[in-house]
Amino acid sequence: MGETTHTSLADRDQLARLIKFLEHDSTIGTAKRRTSFPQFGRRSHAPDNPSLPGQVPMSAISPPLVPSRVQTFYVDNWPPTAPAVIARGDTILFPSLLGHRKSAKTLGGIPISLETAIELRKVVYGSAIHSFTREWRKSTLQLYCLDGQFPYGIQTLRCGSRGLALCIQGYMLKHMIFDREYKSSALLGAGALRPNEFERRRALVGAISEMLWQAGEHKQSMVCLKQEEACFGPDYRYRPDSITEKLHLFEFKKYEDLQQFVKRNLEQFQTEHGNGCILFLYSLVLSRTIPNLRMDLQADHESKMKLLSDMEDLSQSLINLALTGRATPYIHNGELLYDKKGELMDRPVYGIKARSHVGFMFWDKGEDPERRTEVGSMLKTPKNPIWLTKINGLFGLLFSLNPDLVSDWRVENRFTMWYYTGLSTHVTPTVLSIETRIGRPRPKTAIGRREEENKIPAVENCIMTKWYGAAINWNGTVPFI
């Protein structure tokens with residue numbers, strides 16, 4: 001009994017001293033008590049009174065004790081017009097896209113040299129004097145809002161960068177739908193197209209990293225980031241464009257290091273006025289290396305050794321570089337040793353060597369029906385049911401959520417596909433129901449067949465280059481291409 005009374009009195013004494021200490025610490029005055037953090041030993045409490053001679057204020061030599069636990073919360077959509085009022089002691093983690101927020105400077109890397117900049121501009125644009133237009137400079141890898149119709153999609157513009165952004169979109173869908181880190185019943189089927197911020201950010205990082213690593217033959221890769229200052233002075237052989245001469249190059253020998261670096265610096269590819277598509281294009285070229293790129297192009301004239309056309313559209317070489325990692329200008333399978341007449345050529349023509357992860361489809365109404373461009377099966381039947389399409393010079397993306405579509409012929413009897421363009425005018429998802437077993441009805445006369453073929457939308461003609469005679473239902477959407 002005496003021991004219990006003694007214990008309760010000790011607890012009361014400790015509680016009283018604690019209350020007295022807190023009341024004394026909360027008073028406002030010159031003799032406010034501060035908590036110091038010595039390098040060794042226990043914490044000590046001393047009055048912070050600068051009026052005493054020879055005494056150094058404790059707040060000048062040690063940080064104050066945080067009065068409460070740091071509060072951390074996430075902001076999905078911060079309004080750019082509303083001012084941010086942050087209380088002391090709180091920490092706000094901003095989202096990856098925050099309006100016109102300036103990206104932090106990335107330390108390290110190798111400053112680009114004048115010779116590398118000249119070669120880079122020549123192999124991309126064909127000249128070190130001419131540079132990218134305003135539309136290319138505005139193109140980034142910015143994603144649509146999570147609450148919109150396309151939370152999985154990259155915003156694209158009506159310029160040549162649209163095709164490159166859709167190549168990245170194809171690999172992004174591959175990581176988002178088929179290469180998930182974890183499985184969930186809520187993310188199967190159409191639920192995979194409603195990702196959260198973490199999932200789509202992970203997919204974008206994986207897409208960029210995989211494409212760069214693939215271009216480097218799974219041995220090395222290069223990432224280009226823009227800094228504030230130019231890396232070299234003026235030269236008569238080079239015209240500055242405020243992008244190329246400010247690049248710093250980061251080389252990686254391990255895929256995990258590349259992923260972590262892209263994850264930390266993803267904002268530079270997404271922020272407005274950040275030239276995200278140009279930075280990715282430069283990174284893709286330098287990952288492949290310029291000597292290997294010139295060998296891939298297989299061009300016999302200097303004017304043909306460039307990745308962008310005169311209208312700044314993507315050439316077939318750049319499309320193949322983004323999809324397969326090799327910048328060959330041809331889309332047939334393997335290599336050709338003989339020409340159309342059966343004669344042996346001076347040197348073989350190299351095409352697509354293996355099945356790509358993202359495929360390619362092509363259709364142009366201006367071609368001769370007897371001499372249409374044939375896409376090889378390596379691109380027409382990829383490893384994942386995702387296809388980049390080029391229809392009458394316009395790029396789009398066709399994809400399915402069923403991975404068996406490219407491996408089981410029975411699934412091809414009836415399936416569903418999505419068509420995505422990334423343009424702001426594309427406001428609702430386009431879902432196509434395709435049936436290949438019965439197919440579409442065919443008129444009996446040649447005139448009737450010709451008239452019927454003229455009424456078929458270009459997207460359906462592109463789909464029928466793989467599934468001939470397929471019946472396609474737009475499910476209420478008006479055919480717009």
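- Rounding to the nearest 0.5 Å places CG of L286 at 9.5 Å from CD of Q220.
- Residues N384 and V406 fail the side-chain proximity criterion, which asks for heavy atoms closer than 4.5 Å.
- Contact of the E251 side chain with the K253 side chain is registered, since non-hydrogen atoms from C-beta on lie closer than 4.5 Å.
- Nearest heavy atoms, S221 versus L258: OG-CD2, 3.3 Å.
- Distance check: S127 OG to K122 NZ gives 8.0 Å after rounding to the nearest 0.5 Å.
- Here the CG-NZ distance, from D364 to K390, works out to 8.5 Å after rounding to the nearest 0.5 Å.
- More than 12 non-hydrogen atoms from other residues, nucleotides or ligands lie less than 6.0 angstrom from CG of D368.
- With hydrogens and angles left out, the side-chain atoms of Q169 and Y152 include no donor and acceptor closer than 3.5 Å.
- Summarising the local packing, CE of M311 is surrounded by 12 or fewer heavy atoms from other residues, nucleotides or ligands at distances under 6.0 Å.
- Checked against a 6.0 Å centroid threshold, the rings of F261 and F252 count as neighbours.
- Relative orientation of the W467 and F415 rings is tilted, given thresholds of 30° and 60° on the angle between their planes.
- Taking CG of L318 as the reference point, atom CG of L293 lies at 9.0 Å (rounded to 0.5 Å).
- Between the side chains of Q214 and H357, not a single donor N or O lies within less than 3.5 Å of an accepting N or O.
- S377 and N333 share a donor-acceptor pair across their side chains, judged by distance under 3.5 Å alone.
- Formation of a donor-acceptor pair under 3.5 Å by the E312 side chain with backbone atoms of T133 is found in this model.
- Counted by atom type alone, S139 and S161 present one or more donor-acceptor pairs between their side chains at under 3.5 Å.
- Nearest heavy-atom pair, L398 versus M417, reported as atom, atom and distance to 0.1 Å: CB-CE, 3.8 Å.
- For Y238 and F232, the distance between ring centers is under 6.0 angstrom.
- When every heavy atom of L323 is checked against every heavy atom of Y171, the shortest pair comes out as O-OH, 2.5 Å.
- Taking CZ from R288 and CE from M295, the interatomic distance works out to 8.5 Å, rounded to the nearest 0.5 Å.
- Among residues two or more places apart in sequence or in another chain, the ring-ring contact (aromatic ring centres under 6.0 Å, His included) test is passed with H426 by F150, F480.
- A heavy-atom distance below 4.5 Å is not found between the side chains of F362 and K380.
- For an aromatic pair to be called close, the ring centres must be under 6.0 Å apart, and F132 with Y125 satisfies this.
- In this structure, N454 places its CG atom where more than 12 heavy-atom neighbours from other residues, nucleotides or ligands lie under 6.0 Å away.
- For R414, the CZ atom counts as loosely surrounded, since its 6.0 Å shell holds 12 or fewer non-hydrogen atoms of other residues, nucleotides or ligands.
- One finds no salt bridge joining R410 and E412 here, because no Lys/Arg side-chain nitrogen approaches an Asp/Glu carboxylate oxygen to under 4.0 Å.
- The residues R440 and E452 are annotated as not salt-bridged, no charged nitrogen and carboxylate oxygen being separated by less than 4.0 angstrom.
- Under a 4.0 Å N-O distance rule, the pair R294/E119 qualifies as a salt bridge.
- Considering only heavy atoms from C-beta on, N402 stays 4.5 Å or farther from T416 through its side chain.
- Between the side chains of T381 and K466, a donor-acceptor pair is found at a separation under 3.5 Å.
- D404 places no side-chain N or O within donor-acceptor distance of the main-chain N or O of S407, the cut-off being under 3.5 Å.
- We find that E135 and K138 are not joined by a salt bridge, their nearest charged nitrogen and carboxylate oxygen being 4.0 Å or further apart.
- Shortest non-hydrogen contact noted between T477 and P429 is OG1-O, 4.3 Å.
- For the residue pair S131/D241, the side-chain donor-acceptor check at 3.5 Å is satisfied.
- E197 is listed as a side-chain neighbour of L146, based on a closest heavy-atom distance under 4.5 Å.
- Heavy-atom contacts from other residues, nucleotides or ligands closer than 6.0 Å to NE2 of H130 number 12 or fewer.
- S283 and C224 make their closest contact through OG-N, 2.8 Å (heavy atoms, listed as atom of the first residue, atom of the second, distance).
- Within the 4.5 Å cutoff, the side chain of I168 has heavy atoms near those of the M211 side chain.
- T140 and N275 share no side-chain donor-acceptor pair at under 3.5 Å.
- Closest approach of V427 and Q149 over heavy atoms only: O-CG, 3.3 Å.
- Counting heavy-atom neighbours within 6.0 Å of L336 CG, excluding the residue itself, gives a total above 12.
- With 3.5 Å as the limit, one finds a donor-acceptor pair spanning the side chains of E460 and W474.
- Ion pairing of D235 with R239 is absent here, as no side-chain N (NZ or NE/NH1/NH2) approaches a carboxylate O to less than 4.0 Å.
- For the pair V123/K306, no side-chain contact is recorded, criterion being any heavy-atom separation below 4.5 Å from C-beta on.
- Judged purely by atom type and a 3.5 angstrom limit, R202 uses its side chain to pair as donor or acceptor with the backbone of H175.
- Side chain to side chain, E367 and T373 meet the donor-acceptor criterion of an N or O pair below 3.5 Å.
- Here L432 contributes atom CG and I463 contributes atom CD1; the two are 5.0 Å apart, rounded to the nearest 0.5 Å.
- Ion pairing of K174 with E210 is present here, as a side-chain N (NZ or NE/NH1/NH2) and a carboxylate O approach within less than 4.0 Å.
- Residues L157 and R162 have side chains not in contact (no heavy-atom distance under 4.5 Å, counting atoms from C-beta outward).
- Looking at R326, its side chain does come within 3.5 Å of a backbone N or O of G351 through a donor-acceptor pair.
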